[in-house]
Amino acid sequence: MTTNALITGWGMYVPSRVMTNDDLAKIVDTSDEWIVSRTGIHERRIAADDETTTTLSVNASRDALAVAGVEPGEVDLIVLGTCSPDYPLPATSTTVARDLGATNAAAFDLQAACSGFVYAMATANAFVRSGMYRNVLVIGVEVLSRFMNWKDRNTCVLFGDGAGAVLVQASDRPGGMSGFHLFADGTGFEGIIVPAGGSACPATPQTVADGLHTVHMAGRDVYKYATRQLAESALAAVRDAGLTMDDIDQFVFHQANLRIIENVAKQLDMPMEKTYINIEKYGNTSAASVPMALVEAVAAGRIKPGDQVLMVAFGAGFTAAAAVVEWTADPARAFLAPGSQTRLGRPQRQLEEAAV
Ligand code: UT7
């Protein structure tokens with residue numbers, strides 16, 4: 001009997017603090033008009049002082065497990081995609097396991113920058129299909145606000161914080177993950193880089209003074225590479241699934257720049273009404289952007305059982321990744337209201353009121 005890897009639970013979490021383009025215009029030389037016209041971003045979420053990559057992950061994961069009806073102790077493996085971990089050492093997935101109570105889970109982090117979640121989905125698929133694990137929790141999460149140079153308008157206007165999680169389960173039911181394309185080209189490693197704090201350039205008072213522990217990006221070069229590679233990876237994954245682009249019901253792209261998504265949609269003849277967009281609310285949340293868009297697309301009724309969903313991402317490295325998933329779960333399992341952050345049907349607002 002074939003073992004398939006199905007998505008049975010999903011959840012997301014974003015911090016409640018909103019930073020608008022006008023807020024940014026007070027700290028760097030920029031404007032709402034420039035940011036919206038070049039990127040499509042209107043606002044982004046910024047983690048509170050007491051929030052970390054672990055806490056965001058745990059909030060998203062609790063929802064994903066509750067939707068799947070799986071207890072933390074039943075999770076076999078946690079694969080966490082991030083480039084903004086709590087610490088260089090140990091892996092954030094281990095503190096997520098601790099705080100979730102996933103006491104029987106193996107856990108590791110996966111660093112493929114913005115492509116991290118889709119790489120992690122391919123990893124989960126391989127573990128499940130090999131028969132090694134049955135319940136794999138996959139997380140895409142970033143607290144990039146802690147890695148920003150808030151004086152650099154080239155980067156600080158782009159990124160935001162958030163988390164998305166799915167539970168991938170072994171099943172003999174048809175559907176689930178069917179096609180992949182994973183890509184890396186290290187010749188582009190300087191395109192998006194945190195130059196200091198690693199073995200190539202250890203942290204010193206000078207590197208800190210020079211802001212070398214923050215994200216640097218050659219935006220225009222990345223833009224050109226991303227638009228070409230996203231289209232190639234999308235096509236390769238669809239081919240790998242034995243499908244054509246016409247078979248795809250919903251496109252869930254990494255939300256780095258609305259212009260990039262529109263450009264790729266044009267190359268692929270992909271109708272914009274089949275393309276879920278939420279960059280205006282969250283900016284570029286790197287590894288969290290694909291799962292957050294997936295969760296919202298399901299909540300908005302854009303993804304139904306039987307639909308073929310194509311997820312595609314591009315990021316630092318350069319890396320790219322694409323995956324095709326036949327959606328099988330009943331969206332009503334999570335009563336997420338479109339566009340609003342919820343916790344199993346209860347708007348976050350209500351939860352906050354209840355906590356006071
Ligand atoms: O998620 C991982 C992958 N990342 C990406 O895919 C990002 C890819 N790159 C991009 O999305 C775009 O290149 C950006 C949004 C980063 C930049 O847009 P652009 O249209 O490529 O602008 P640019 O970098 O070519 O800069 C155009 C001008 C420059 O001024 P000059 O040299 O023409 O006088 C910049 O200094 O815009 C200036 N500029 C800004 N002006 C106002 C750059 N950032 C800002 C800003 N506000 N925030």
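For ligands, and for the atoms within them, numbers begin at 1 and follow the listed sequence.
- By the definition of a contact as any protein heavy atom under 4.0 Å away, atom 1 (O) of ligand 1 is in contact.
- With a 4.0 Å cut-off on non-hydrogen atoms, Ile35 does not touch ligand 1 at all.
- The distance from ligand 1 to the heavy atoms of Asn257 drops below 4.0 Å at these ligand atoms: 10 (C), 11 (O), 12 (C), 15 (C).
- Residues Leu310 and Leu294 do not share a hydrophobic cluster, defined by chaining ILVMFWY side chains whose heavy atoms lie under 4.5 Å apart.
- The minimum heavy-atom distance linking Val96 with Ser57 is given by the pair CG2-CB, 3.6 Å.
- The shell of residues lying under 4.0 angstrom from ligand 1, judged by heavy atoms, includes Leu158.
- Nearest protein heavy-atom neighbour of atom 7 (C) of ligand 1: Met217 CE, 3.7 Å.
- When all heavy atoms are compared, the tightest approach of Cys83 to Gln111 is CB-NE2, 3.6 Å.
- Side chains of Asn21 and Arg44: a donor-acceptor N/O pair is present below 3.5 angstrom, by distance only.
- Atom 27 (C) of ligand 1 has its closest protein heavy atom at Arg38 NH1, 3.5 Å.
- Among all protein heavy atoms, the one lying closest to atom 36 (O) of ligand 1 is Arg153 NH2, 3.0 Å.
- Atoms of ligand 1 found under 4.0 Å from any heavy atom of Ala256 (numbered from 1 in listed order, with element): 1 (O), 5 (C), 6 (O).
- For ligand 1, the atoms sitting less than 4.0 Å from at least one non-hydrogen atom of Thr39 are 15 (C), numbered in the order shown with element in parentheses.
- Between Asn284 and Cys114, the shortest heavy-atom distance links the atoms OD1-SG, 4.3 Å.
- Annotation for ligand 1: atoms under 4.0 Å from non-hydrogen atoms of Val157 are 48 (N).
- From the protein, the heavy atom lying nearest to atom 9 (N) of ligand 1 is Gly219 O, 3.0 Å.
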Applying side-chain contact (heavy atoms from CB on, under 4.5 Å), run through Tyr282 and Met292 and close with a yes or a no.
-> CA-CA 9 Å; Tyr282 305 125; Met292 281 168 47; 3.6 Å; yes
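- Residue contacts with ligand 1 leave out Val28, since none of its heavy atoms falls under 4.0 Å from the ligand.
- Protein heavy atoms are absent from the space less than 4.0 angstrom from atom 24 (O) of ligand 1.
- At the top of the distance list for atom 26 (O) of ligand 1, counting protein heavy atoms only, stands Arg220 NH2, 3.8 Å.
- Under 3.5 Å, the side chains of Glu296 and Tyr276 contain a donor-acceptor pair of N or O atoms.
- In the vicinity of Val222, heavy-atom distances shorter than 4.0 Å reach the ligand 1 atoms 3 (C), 4 (N), 5 (C), 6 (O), 8 (C).
- Contacts with ligand 1 closer than 4.0 Å are made by side-chain heavy atoms of Ile192 only, the backbone lying farther away.
- Here the shortest heavy-atom pairing between Lys274 and Arg302 reads C-NH2, 4.0 Å.
- Within the model, atoms CD1 of Ile46 and CE of Met19 stand 5.0 Å from one another, a figure rounded to the nearest 0.5 Å.
- Cation-pi geometry between Arg228 and Tyr225 is met: under 6.0 angstrom from the ring centre, within 45 degrees of the axis.
- In terms of protein heavy-atom proximity, atom 6 (O) of ligand 1 is nearest to Ile260 CD1, 3.3 Å.
- Within ligand 1, counting atoms from 1 as listed, the ones closer than 4.0 Å to a heavy atom of Cys114 are 1 (O), 2 (C).
- For atom 44 (N) of ligand 1, the nearest protein heavy atom is under 4.0 Å away.
- Within 4.0 Å of atom 29 (C) of ligand 1, not a single protein heavy atom is present.
- Note that CD1 of Ile78 is 11.0 Å distant from CZ of Phe108, once rounded to the nearest 0.5 Å.
- Asp161 and Val14 make their closest contact through O-CG1, 4.0 Å (heavy atoms, listed as atom of the first residue, atom of the second, distance).
- Listed here is the closest heavy atom pair of Pro195 and Cys201: O-CB, 3.5 Å.
- Looking only at heavy atoms of the protein, atom 18 (O) of ligand 1 is closest to Arg259 NH2, 3.6 Å.
- Taking the six-membered ring where tryptophan is involved, the planes of Trp10 and Trp327 are perpendicular, since the angle between them exceeds 60° and thus also 30°.
- Residue nearest to atom 17 (C) of ligand 1, selected from Tyr223, Trp34, Tyr225: Trp34 (by heavy-atom distance).
- Nearest protein heavy-atom neighbour of atom 47 (N) of ligand 1: Thr30 OG1, 2.7 Å.
- Thr54 and Asp86 share a side-chain donor-acceptor pair at under 3.5 Å.
- For ligand 1, the atoms sitting less than 4.0 Å from at least one non-hydrogen atom of His254 are 1 (O), 2 (C), numbered in the order shown with element in parentheses.
- Using a 4.0 Å cutoff on heavy atoms, Ser286 does not count as a contact of ligand 1.
- Against a heavy-atom cut-off of under 4.0 Å, Asp29 is close to the following atoms of ligand 1: 42 (C), 47 (N).
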